[in-house]
Amino acid sequence: MTGRQAAMALSPAPARSLRRPARIYRGAAAERRVRAWCRSRLAADPRLRERTLATGLGATPLFTADGGDGTPVLLLPGTNFNSATGLALARALAPDRTVHLVDLPGQPGLAAPLRPGGDRLGAYGAWLGEVLAGAAERRVLVLGHSLGAAVALAAEPSDRVAGLALVNPAGLAPAALSAALMRVTLPWLAAPSPGSSARLLAFMSGPGAEVPPELADWMTLVARSCRTSLAPGPLPEHAVRRWRDTPVHVATGSHDRFFPPARLAAPARDLLAARVDTVEGAGHLAPHEDPARVRALLRDLDAAARS
């Protein structure tokens, strides 16, 4: 893969290239390997209850871990992540509240393998509305990480949503791309290995962060088995402004290479009337690097939603 191809894989694409849904897996065997990895991880957590929701983007498995008395939270993962990679975060949040986990259709995991065509974020927003209708027996907080934050903002505001927590969020501003990103992405895409995956994850993390070996294994499997998705561009301003009447907290890592605090400050303020909290020392993987800080963010959001 050339540098140009890698840049195209990581940059927003014009709508015409997304008209048709795209199958993400490199064949049936690749899909089986990804699903088996996820199933193995999820089966090891006896707290999880699973049910399947019917949506316009296909069957969506919903995993629930019962927790404390706080407002339940629905986790929306970032690009290439899913319920199985979010278990450590779910464990950190469960003492405070019940945690719901879903996989995004068209992302590696257990959801449908077709990536939406046309208005991708619009399709994801409609899907989230269906998930909330099927999953939320009471109001929930929605925690969106990276792509998951853009999906949350693309949905219609609903009385089922008590508040939004947007962490390392896409959808508010274009992602910052760099030559340094290309230097770690090209080896990961061209010759996937635990080493190249660990270097990519280290680039996405804050300085000195330890990359969990299972995440490096997962990213190696993703590169070998899947066609990486495009980074979403900013949502239309009018779509984001719809959420101004809902409590919204925005946070990003002090070392986020894609969405640093300064990049998000103006759109968060102007469109959502929200400030950007900085997760010191973290990069783009703040929910994995500092789950305790995300837990505190949700406590603050829950208090704001109840006031």
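Numbers for residues simply follow the sequence, beginning at 1.
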Peer 1: Can any side-chain N or O of T252 pair as donor or acceptor with the backbone N or O of F259 at less than 3.5 Å?
Peer 2: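 Yes; judged by distance alone, with no hydrogens or angles, the pair exists.
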
Peer 1: Sequence neighbours excluded, which residues qualify as ring pair (Phe, Tyr, Trp, His ring centres under 6.0 Å) partners of H288?
Peer 2: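 Expected list: F81.
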
Peer 1: Over all heavy atoms of both residues, which pair between G171 and V240 is shortest? Give the atoms and the distance, please.
Peer 2: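 Residues G171 and V240, closest heavy atoms: O-CG2, 4.4 Å.
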
Peer 1: Do L143 and L301 sit in one hydrophobic cluster, given that two such residues count as connected whenever their side-chain heavy atoms are within less than 4.5 Å of each other, even indirectly?
Peer 2: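 Yes, one cluster joins them.
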
Peer 1: What side chain to side chain donor-acceptor pair (under 3.5 Å) pairs are there with at least one residue in residues 294-307, not counting sequence neighbours?
Peer 2: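 Counting only pairs at least two positions apart or across chains, the side chain to side chain donor-acceptor pair (under 3.5 Å) contacts touching residues 294-307 are T71-D302, T71-R306, D96-R295, D96-R299, R97-D302, D302-R306.
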
Peer 1: Any side-chain to backbone donor/acceptor pair from E156 onto G129? Under 3.5 Å, distance only.
Peer 2: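 No, because the side chain of E156 does not come within donor-acceptor range (under 3.5 Å) of the backbone of G129.
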
Peer 1: Please give me the minimum heavy-atom distance between P287 and N168, naming the atom from each residue.
Peer 2: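 Scanning both residues, the minimum pair turns out to be CD-OD1, 3.5 Å.
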
Peer 1: Between CG of N80 and CG of L221, what distance do you get to the nearest 0.5 Å?
Peer 2: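 Rounded to the nearest 0.5 Å, the CG-CG separation comes to 10.5 Å.
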
Peer 1: Group every Ile, Leu, Val, Met, Phe, Trp and Tyr by side-chain heavy-atom contacts under 4.5 Å, then state whether L166 and V279 land in the same group.
Peer 2: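 Hydrophobic grouping puts L166 apart from V279.
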
Peer 1: Looking at residues at least two apart in the chain, or sitting in another chain, which of them share a ring pair (Phe, Tyr, Trp, His ring centres under 6.0 Å) with W243?
Peer 2: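 For W243, no residue satisfies ring pair (Phe, Tyr, Trp, His ring centres under 6.0 Å) once neighbours in sequence are set aside.
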
Peer 1: Assess whether side chain to side chain contact (heavy atoms under 4.5 Å, CB included) is satisfied between V151 and W127, documenting all intermediate values.
Peer 2: CA-CA 9 Å; V151 171; W127 165 84; 4.2 Å; yes

Peer 1: Kindly work out whether a path of hydrophobic side-chain contacts (I/L/V/M/F/W/Y, heavy atoms less than 4.5 Å apart) joins L181 to L201.
Peer 2: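 Same cluster.
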
Peer 1: Report the distance from atom CD of E214 to atom CG of L87, rounding to the nearest 0.5 Å.
Peer 2: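 That separation rounds to 10.0 Å.
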
Peer 1: Run the side chain to side chain contact (heavy atoms under 4.5 Å, CB included) check on L132 and L74 step by step: do they pass?
Peer 2: CA-CA 9 Å; L132 289 168; L74 173 68; 3.9 Å; yes

Peer 1: Would you find a donor on one side and an acceptor on the other, under 3.5 Å apart, between the side chain of W188 and the backbone of M219?
Peer 2: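 Judged by distance alone, yes, a pair lies under 3.5 Å.
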
Peer 1: Please examine the side chains of P291 and L93, heavy atoms only from C-beta on, and report whether any two atoms are closer than 4.5 Å.
Peer 2: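 They are not in contact (no side-chain heavy atoms under 4.5 Å apart), so the answer is no.
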
Peer 1: Under a 3.5 Å distance rule, please check whether E50 uses its side chain to pair with a backbone N or O of P61 as donor and acceptor.
Peer 2: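 No: the side chain of E50 does not pair with the backbone of P61.
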
Peer 1: In terms of hydrophobic clusters joined by side-chain contacts under 4.5 Å, are L53 and V99 together?
Peer 2: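 No, separate clusters.
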
Peer 1: Within the distance-only criterion (no hydrogens, no angle test), does the side chain of D66 pair as donor or acceptor with the backbone N or O of R47 below 3.5 angstrom?
Peer 2: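 Not confirmed, D66 side chain does not pair with R47 backbone.
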
Peer 1: What's the separation between atom OG1 in T55 and atom CG in L62, rounded to the nearest 0.5 Å?
Peer 2: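 So the OG1 of T55 and the CG of L62 are separated by 12.0 Å.
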
Peer 1: How close do D45 and R91 get, counting heavy atoms only, and between which atoms?
Peer 2: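 For D45 versus R91, the nearest heavy atoms are OD2-NH1, 3.8 Å.
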
Peer 1: Do you know the tightest heavy-atom contact between A191 and S196?
Peer 2: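 Heavy-atom minimum between the residues: O-OG, 3.5 Å.
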
Peer 1: Ring pair (Phe, Tyr, Trp, His ring centres under 6.0 Å) with Y124: which residues, sequence neighbours excluded?
Peer 2: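 Testing Y124 for ring pair (Phe, Tyr, Trp, His ring centres under 6.0 Å), a comparison that skips the adjacent residues, returns none.
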
Peer 1: With distance as the sole test, does R242 use its side chain to make a donor-acceptor pair with the main-chain N or O of A154 at under 3.5 Å?
Peer 2: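 Yes, R242 side chain to A154 backbone: donor-acceptor pair under 3.5 Å.
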
Peer 1: Would a 4.5 Å heavy-atom cut-off, applied to side chains only, mark P157 and D245 as touching?
Peer 2: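 SC-SC contact between P157 and D245 ruled out.
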
Peer 1: If you measure from CG on L172 to CD on E237, what distance do you get to the nearest 0.5 Å?
Peer 2: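 Output value for this atom pair is 10.5 Å.
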
Peer 1: R23 versus E31: any side-chain heavy-atom pair under 4.5 Å?
Peer 2: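 Yes - at least one pair of side-chain heavy atoms lies under 4.5 Å apart.
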
Peer 1: Restricting to pairs with a member in residues 141-162, which pass ring-ring contact (aromatic ring centres under 6.0 Å, His included), not counting sequence neighbours?
Peer 2: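 Every ring-ring contact (aromatic ring centres under 6.0 Å, His included) pair that includes a residue of residues 141-162, provided the two are not neighbours, is H145-H284.
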
Peer 1: Given side chain to side chain contact (heavy atoms under 4.5 Å, CB included), test W37 with S225 step by step and report yes or no.
Peer 2: CA-CA 12 Å; W37 190 96; S225 305; over 6 Å; no

Peer 1: May I have the step-by-step check of side chain to side chain donor-acceptor pair (under 3.5 Å) for S83 and D103, ending in yes or no?
Peer 2: CA-CA 6 Å; S83 300; D103 292 0; 2.7 Å; yes

Peer 1: Does one hydrophobic cluster hold both L128 and L164, with members joined at side-chain heavy-atom distances below 4.5 Å?
Peer 2: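 The answer is yes; both residues are in one hydrophobic cluster.
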
Peer 1: Please check this pair: side chain of R224 against backbone of P192, looking for a donor-acceptor N/O pair closer than 3.5 Å.
Peer 2: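 Checking the backbone N and O of P192 against the side chain of R224, a donor-acceptor pair under 3.5 Å is found.
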
Peer 1: With rounding to the nearest 0.5 Å, note down the distance linking CG in L285 to NE2 in H255.
Peer 2: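 Nearest 0.5 Å value for the CG-NE2 distance: 14.0 Å.
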
Peer 1: With T220, which residues qualify under side-chain hydrogen bond (donor to acceptor under 3.5 Å, both in side chains), at least two apart?
Peer 2: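 T220: side-chain hydrogen bond (donor to acceptor under 3.5 Å, both in side chains) contacts with S197.
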
Peer 1: Dump the intermediate steps for side chain to side chain contact (heavy atoms under 4.5 Å, CB included) on L104 and N82, then the final yes or no.
Peer 2: CA-CA 7 Å; L104 298 183; N82 52 41; over 6 Å; no

Peer 1: Looking only at heavy atoms, what is the nearest atom pair of S146 and G78, with distance?
Peer 2: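 Closest heavy-atom pair between S146 and G78: CB-CA, 4.0 Å.
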
Peer 1: Between R35 and A111 (side chain of the first, backbone of the second, donor and acceptor by atom type, cut-off under 3.5 Å), is there such a pair?
Peer 2: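 Between the backbone of A111 and the side chain of R35 there is a qualifying donor-acceptor contact (under 3.5 Å).
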
Peer 1: Spell out, as yes or no, whether a donor-acceptor pair under 3.5 Å connects the side chain of R241 to the backbone of L271.
Peer 2: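 No; judged by distance alone, with no hydrogens or angles, the pair does not exist.
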
Peer 1: Do H100 and V131 have side chains that get closer than 4.5 Å, going by heavy atoms?
Peer 2: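 In short, these two side chains do not touch, never coming nearer than 4.5 Å.
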
Peer 1: To the nearest 0.5 Å, what is the distance between CD (E289) and CG (D256)?
Peer 2: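 Between atom CD of E289 and atom CG of D256 there are 9.0 Å.
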
Peer 1: Shortest non-hydrogen contact from P116 to P105?
Peer 2: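 Answer, listing the atom of P116 first, then P105: CD-O, 4.2 Å.
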
Peer 1: Quick one: does any side-chain atom of R227 pair with a main-chain N or O of Y25 as donor and acceptor, under 3.5 Å?
Peer 2: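 Such a contact is found between R227 side chain and Y25 backbone.
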
